[in-house]
Amino acid sequence: MDSSEYDLPFFHRAGFHRRACSVCGSAFWTLGDHDRCQEAPCRDYGFLGHPGFSKPEGPDAMRETFLHFFEERGHTRVRRYPTVARWRNDVFFTQASIYDFQPWVTSGAIPPPANPLVISQPVLRFIDLEEVGRSGRHFTLFEMMAHHAFNRPDHEVYFKDRTTELCHELLTEQLGADPTAITYKEEVWEGGGNLGPSLSVGLLGLEVATLVFMEYVRDVDAVRPMPLTVVDTGYGLERFTWMSQGTKTAYEAVFGAEYDELRRTFPPREAAILIDHARALNFLLTDGVVPSNSKEGYFARLLLRRSIRILQRTPEAPDLLAILDAAGRAIARTFPEVGAHRDDLHRVVSAEAEKFAESIDRARTTIRRYDERLRATGGKVTEEDLLQWYDSLGIPPDLAVEELREPPKIPDDFYSRVAARHEGERPTNEYTETTKGLPDVATGTPATEVLYYLDPYTLAFDAHVVWTEGPYVVLDRTYFYPTGGGQVTDKGHLGDLAVVDVERKGPWVLHHLERPSPFRVGERVHGRVDGPRRRQLMQHHTATHLLNGALRETLGPHVWQAGAYKGPESARIDITHYKPLSREELHRVERRVNEIVREDRPVKSYFEDRNQAEKRFGFTLYQGGAVPGKELRIVEVEGFDVEACGGTHCTHTSEVGAIALSDVERIQDGIVRLTYSSGERALDLREEHEEILKEASRRLGVSVAELPSGIDRLLGEIEASRKAARTRRKEDLGATASRLLADPSVAETVGATMIVTGAVDRGRAELMELSRLLTKEKGRVAILAGEEDGRGVLFVGSTSPAVAAADVLRAALGEFEGRGGGNPASATAVGEPGAPLAHALDAARSAARRAAGA
RNA sequence: GGGCACGUAGAUCAGCGGAAGAUCGCUGCUUUCGCAAAGCAGAGGUCGGGGGUUCAAAUCCCCCCGUGUCCA
């Protein structure tokens with residue numbers, strides 16, 4: 001990055017000078033006389049015991065100070081976004097305030113909710129998990145305070161100069177930091193294909209803020225300026241609070257009384273971990289994460305299980321729920337939604353605690369058994385075993401050590417060795433462009449006016465072609481709904497040509513025709529949307545909202561939509577839930593949702609200012625994933641369910657007709673999928689099921705009502721006949737056995753051994769059974785010849801200690817080109833097709849006689 | 001999303017190429033006025049499903065399904 005990028009007029013106006021850090025070598029700007037930048041590790045903390053700000057403040061006051069400062073300077077305050085970044089598929093969590101506005105706002109597709117804006121966004125960074133409680137300043141969840149400005153060529157808000165000036169004014173005039181104590185270090189920021197200069201703000205050894213200026217796009221071969229530049233700042237609320245108080249660690253300053261309370265029972269590190277995790281969990285669970293074994297759920301599980309282990313190791317430890325509640329109450333002062341559903345949160349946490357207890361129980365028996373076996377063989381449990389147990393069974397190493405008689409030492413680098421085991425695994429979580437494969441629409445093409453939003457019933461319309469290429473057509477206005485929000489595309493016709501697909505790209509709707517477009521730009525075309533298809537899609541979409549509402553009502557507010565699909569045949573919704581749905585719960589959901597259908601409630605779709613809508617309806621609006629615009633399209637089922645949604649909906653619930661659940665499955669830990677249909681399809685489905693029932697009852701010859709008992713009877717009969725067949729075969733074999741034993745030409749006694757030699761017309765499995773019967777008593781040898789698939793089979797069974805079956809068999813192999821083997825108790829061989837067994841039997845008998853000591 | 005482990009009797013698991021096992025639970029008998037307990041006897045298994053290798057597969061290989069767990 002060219003050094004002129006950092007040469008701001010503000011620095012010159014205010015009298016800054018540029019230096020190079022004698023430790024890290026980076027260039028920085030300062031008013032003071034520093035030979036190094038004022039951040040760790042280049043210098044030590046200088047504020048412990050000597051706060052760097054003039055007034056000590058807790059996090060609530062500090063946040064308010066920050067937000068208010070920027071509000072007074074023309075910024076609009078924006079509420080936090082969820083900590084789970086459902087609107088992105090490349091990350092699980094909101095890891096910075098700018099994530100709220102990626103990709104749509106930063107790409108220019110959608111205007112920001114306000115410009116400039118100020119926000120305090122709770123963000124999660126699991127990278128720092130191991131550092132929590134150790135460094136004194138790391139958190140898994142922290143609040144990133146930020147002011148953002150989005151500059152378009154025609155509308156410049158502010159950029160580097162003003163940003164830096166605001167930051168400096170905040171630190172010095174508002175918070176009372178010594179102006180000469182601050183350094184602005186020059187850095188380069190790069191991420192998501194964008195890059196730009198950034199300034200890292202150091203004060204008394206602490207990096208308190210980063211000012212990032214997204215300015216360029218990195219292409220394959222070059223760096224180009226972005227059409228839209230973005231001011232992306234990040235001020236750590238926790239660090240500001242800490243700076244203002246100068247306590248020993250950030251935890252004391254940030255968590256105050258809750259931390260002190262835990263310190264009465266726990267050492268500093270454990271106390272910090274517990275309160276940090278409790279805070280992160282409150283946000284995660286409130287925002288709809290259910291603990292599970294993959295994706296975002298795993299992080300919730302990790303935090304919970306880490307906390308539980310600490311509590312288990314500590315005598316007289318407080319209850320986990322009590323710690324969560326204390327943290328939750330503190331958060332709720334600012335974010336009331338976090339405190340709103342304690343009971344439900346308790347249920348989710350308790351369910352997870354139970355699962356963990358079960359897992360630990362299993363672990364204990366596994367370890368004990370393994371230990372015993374090893375002790376019997378003189379082996380010892382190794383470090384490698386500990387790693388393997390943790391990785392594949394989830395056994396914490398400290399727990400394993402508790403259970404073992406001679407435990408190995410837990411290696412200091414245990415967790416990095418676990419990580420090493422996972423090296424080379426390539427997660428495929430790349431951000432996938434949904435508009436991939438679509439052609440680029442010429443810049444300057446007017447945006448498509450989308451008419452389906454407010455009027456889903458009009459299906460025929462006239463419009464003008466504003467752009468076209470190959471089979472793609474963009475119109476100035478359209479009623480065609482493009483694939484999106486889980487609802488599949490409309491179909492229909494433009495003129496005489498079929499529309500096979502409709503997709504949205506930025507501000508345009510692209511109609512994909514069956515053939516290259518014959519239309520010219522400016523031409524007027526007539527559009528017709530396939531009515532029955534659209535109607536079914538609408539019914540399925542509205543049904544999805546109703547079901548989501550009914551599920552939340554029935555199962556609890558931890559239920560969030562984790563995915564959905566609305567097709568013309570059926571629809572499905574994936575919800576977060578911590579256990580399988582019982583039949584009774586399903587029944588209740590289905591009844592409730594159809595009750596709502598019958599009540600014929602109005603379904604209203606309208607646009608509303610984002611902040612206002614959030615205030616009225618809360619965070620659960622974002623079931624399908626937040627669209628970060630200034631205005632939200634709200635779909636409101638009166639008195640029942642409200643969601644931000646771009647889909648086409650019925651205007652009254654009765655239009656949905658009926659909702660029939662057809663399938664429920666657990667698609668992954670913590671996620672349940674319900675499949676259903678509504679309207680015509682629901683009726684079709686019911687008819688189909690009825691037909692199946694009738695057909696089944698006809699075939700079984702009983703009434704529909706008697707089907708279950710009829711099936712039971714049938715199953716009973718099958719079982720009985722199977723048993724009878726088995727008994728008959730046994731009797732048969734028993735008779736054969738008696739016959740053989742009674743025949744002096746086949747049964748002979750040699751010393752203490754009785755040898756039975758015979759040929760029967762049976763296969764391998766039956767020879768074995770027969771041998772079993774013949775050698776029930778000790779000291780017997782059975783040599784049996786049979787046939788299977790045209791090949792001779794020779795079976796030898798022995799309960800005589802003197803006669804080894806395998807030896808006997810081996811002596812006979814050559815006589816019938818047999819291949820096989822066995823052990824002292826039993827041996828089998830199969831010969832080539834057509835090879836006679838007579839000689840083999842003789843050979844085997846001779847061998848058995850010899851072994852028996854004749 | 002990926003790695004690893006695990007699916008065997010109603011339950012918990014052992015067996016890891018040669019004749020499907022243990023413990024608890026269940027049924028019956030003995031003992032008892034009866035119960036518990038004990039002893040004896042017995043029932044209960046397509047060894048998750050499907051392919052392959054082999055004379056022979058619960059066991060080895062491949063694919064699927066399910067569960068657990070770790071990592072992102």
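Proteins get letters first, then strands, A, B, ... in listed order; numbering begins at 1 in each.
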Which part of the nucleic acid, if any, lies within reach of R764(A) when heavy atoms closer than 4.0 Å are counted: base, sugar-phosphate only, or nothing?
-> sugar-phosphate
Answer yes if the ring centres of Y415(A) and Y390(A) are under 6.0 angstrom apart, and no otherwise.
-> yes
Give a yes/no verdict on a cation-pi contact between R86(A) and Y622(A), requiring under 6.0 Å between NZ or CZ and the six-membered ring centre and an angle within 45° of the axis.
-> no
Would you tell me if any nitrogen or oxygen in the side chain of R305(A) comes within less than 4.0 Å of OP1 or OP2 on rU69(B)?
-> yes
Looking for any heavy atom pair under 4.0 Å, which part of the strands does R368(A) touch: base, sugar-phosphate only, or nothing?
-> nothing
Would you jot down, in residue-number order, the residues of residues 392-413 of chain A having a non-hydrogen atom under 4.0 Å from RNA chain B?
-> S392(A), L393(A), G394(A)
Whichever of E665(A) and W389(A) has its nearest RNA chain B nucleotide further upstream toward 5' | E665(A)
Take atom NZ of K355(A) and atom C1' of rG68(B), then tell me their distance rounded to the nearest Å.
-> 11 Å
Only pairs under 3.5 Å count here: list side-chain donor-acceptor contacts from residues 394-401 of chain A, not counting sequence neighbours, and write none if there are none.
from, atom 1, to, atom 2, distance (Å)
D398(A), OD2, R309(A), NH2, 2.9
D398(A), OD2, R313(A), NH1, 2.7

When we call it a touch if two heavy atoms are under 4.0 Å apart, what does N823(A) touch: a base, just sugar-phosphate, or nothing?
-> sugar-phosphate
Contact class for Q388(A) vs. all strands (heavy atom < 4.0 Å): base, sugar-phosphate, or nothing?
-> sugar-phosphate
Between R301(A) and rU69(B), does any side-chain N or O lie under 4.0 Å from OP1 or OP2?
-> yes
Measure distances between side-chain N and O atoms of T828(A) and base N and O atoms of rA56(B), and say whether any donor-acceptor pair falls under 3.5 Å.
-> no
Please report, to 0.1 Å, the donor-acceptor pairs under 3.5 Å made by any side chain of residues 807-822 of chain A, with sequence neighbours excluded.
from, atom 1, to, atom 2, distance (Å)
D807(A), OD1, R810(A), NH1, 3.1

Across the strands shown, which category fits S292(A) at heavy-atom distances under 4.0 angstrom: base, sugar-phosphate, nothing?
-> nothing
